Participant: 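So that we are looking at the same thing, I have put the structure below in structure tokens.
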Amino acid sequence: AVPAEAVSFTAQERELLDVLVAGSSAGGQSVLTGGLTLSQICRRVTIPHRRVVRLLSLFIHWGLVDICHDSRGFYYRATE
């Protein structure tokens, strides 16, 4: 595994991660999941929707983001 210090993120990746971390805390819109929907994420970032979807899929693959589902939809949150 690569040490966390050796990993660098682009400005877009960092912006998206910052929004996900903030949304995963108590300030998140979903009380039950502590995550944000794709629409909520897209409203909070300056990144195009298509790029957000691509980055989310990479973050999920890398284990940086969890995807949760309940009866109201899908929620994304930063892993701990």
Side-chain angles (χ1 to χ4, degrees):
V2 177
E5 306 86 43
V7 177
S8 61
F9 294 103
T10 65
Q12 287 184 340
E13 291 168 341
R14 187 76 253 160
E15 179 185 0
L16 182 55
L17 283 172
D18 290 344
V19 166
L20 288 165
V21 168
S24 298
S25 65
Q29 293 294 317
S30 173
V31 176
L32 296 177
T33 62
L36 297 169
T37 65
L38 179 59
S39 295
Q40 290 169 334
I41 293 167
C42 287
R43 284 193 298 265
R44 295 176 186 207
V45 297
T46 59
I47 307 167
H49 180 273
R50 203 172 249 212
R51 179 76 173 143
V52 170
V53 171
R54 174 75 175 136
L55 290 174
L56 281 173
S57 66
L58 286 173
F59 292 166
I60 291 167
H61 176 74
W62 294 335
L64 298 174
V65 172
D66 286 332
I67 184 169
C68 306
H69 179 266
D70 66 14
S71 61
R72 294 171 294 172
F74 291 93
Y75 296 89
Y76 301 90
R77 64 179 175 210
T79 56
E80 304 197 10

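Note that the structure is a prediction, hence the values are computed from the model and not measured.
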Participant: Specify the closest pair of heavy atoms between Gln12 and Pro48, including all atoms of both residues, with the distance to one decimal.
Facilitator: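 Residues Gln12 and Pro48, closest heavy atoms: NE2-CD, 4.3 Å.
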
Participant: How close do Ala78 and Val21 get, counting heavy atoms only, and between which atoms?
Facilitator: CB-CG2, 3.8 Å

Participant: Measuring from atom OG1 of Thr37 to atom CZ of Phe74, what distance do you get when rounded to the nearest 0.5 angstrom?
Facilitator: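 Between Thr37 OG1 and Phe74 CZ, I get 12.0 Å after rounding to 0.5 Å.
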
Participant: Please state whether the rings of Phe59 and Phe9 are parallel, tilted or perpendicular, taking 30° and 60° as the class boundaries.
Facilitator: perpendicular

Participant: Report the distance from atom CD1 of Ile47 to atom CD1 of Ile41, rounding to the nearest 0.5 Å.
Facilitator: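 It comes to 10.0 Å.
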
Participant: Pair Leu56, Leu38 - check side chain to side chain contact (heavy atoms under 4.5 Å, CB included), show working.
Facilitator: CA-CA 9 Å; Leu56 281 173; Leu38 179 59; 3.7 Å; yes

Participant: How close do Gly35 and Arg77 get, counting heavy atoms only, and between which atoms?
Facilitator: CA-CB, 4.0 Å

Participant: What's the spacing between Leu55 CG and Trp62 CH2 if we round to 0.5 Å?
Facilitator: 8.0 Å

Participant: Would you list the pairs meeting salt bridge (Lys or Arg N to Asp or Glu O under 4.0 Å) in which at least one residue belongs to residues 7-23, sequence neighbours left out?
Facilitator: Arg14-Asp18

Participant: Starting at CZ of Arg54, measure out to NE2 of His49 and round the result to the nearest 0.5 Å.
Facilitator: 15.0 Å

